[in-house]
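Report on one structure; see the data block that follows.
It should be emphasised that the depicted structure is a prediction, and the values quoted were computed from it without experimental measurement. Along the sequence shown, the residues carry numbers beginning at 1.
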Amino acid sequence: MEAINEILSIIPVPVAVILMLGGLVFYAIGGIRLGYGAAVKNLVLNLITQAEREIQGTKRGAERKAWCVKMLRLNSKLGRLVSWAITEETMSKVIQFFFDRAKAALQKQ
């Protein structure tokens, strides 16, 4: 039992508390980022459809995706609330995920 106490006493209590709180913050940010896609699914699908109608032409996928990211940032209540935790790259991945899923569903029909 004393061996365990000696091992645990290497890290001072204030440092251990700070490390635990830091871990909790990173855990919360990870949860926000993982749940973001599910929270904005319908909005993303509507934005993809609108981008397809408004931005016509071939080889303009990157422009459509950038427009969807911008509109998602502006129109999503959740996007404004957690914008500090959601990067443009994460938003781009969410949009690409739902685009790929919608495209696969259309090809099955």
Could you walk me through whether Leu21 and Val17 pass side-chain contact (heavy atoms from CB on, under 4.5 Å), step by step?
-> CA-CA 6 Å; Leu21 289 176; Val17 169; 4.1 Å; yes
Between Leu47 and Trp67, which heavy-atom pair has the shortest distance, and what is it?
->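 Nearest pair, atom of Leu47 first, then Trp67: O-CZ3, 3.5 Å.
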Correct closest heavy-atom pair for Ile48 and Ile95 would be CD1-O, 3.8 Å
Would a distance-only check, ignoring hydrogens and angles, find a side-chain to backbone donor-acceptor pair under 3.5 Å from Arg64 to Ile55?
-> yes
Side-chain donor-acceptor pair present, Gln96, Asp100, cut-off under 3.5 Å |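 Short answer, yes.
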Can you tell me how far CE of Met91 sits from CE of Met71, rounded to the nearest 0.5 angstrom?
-> 11.0 Å
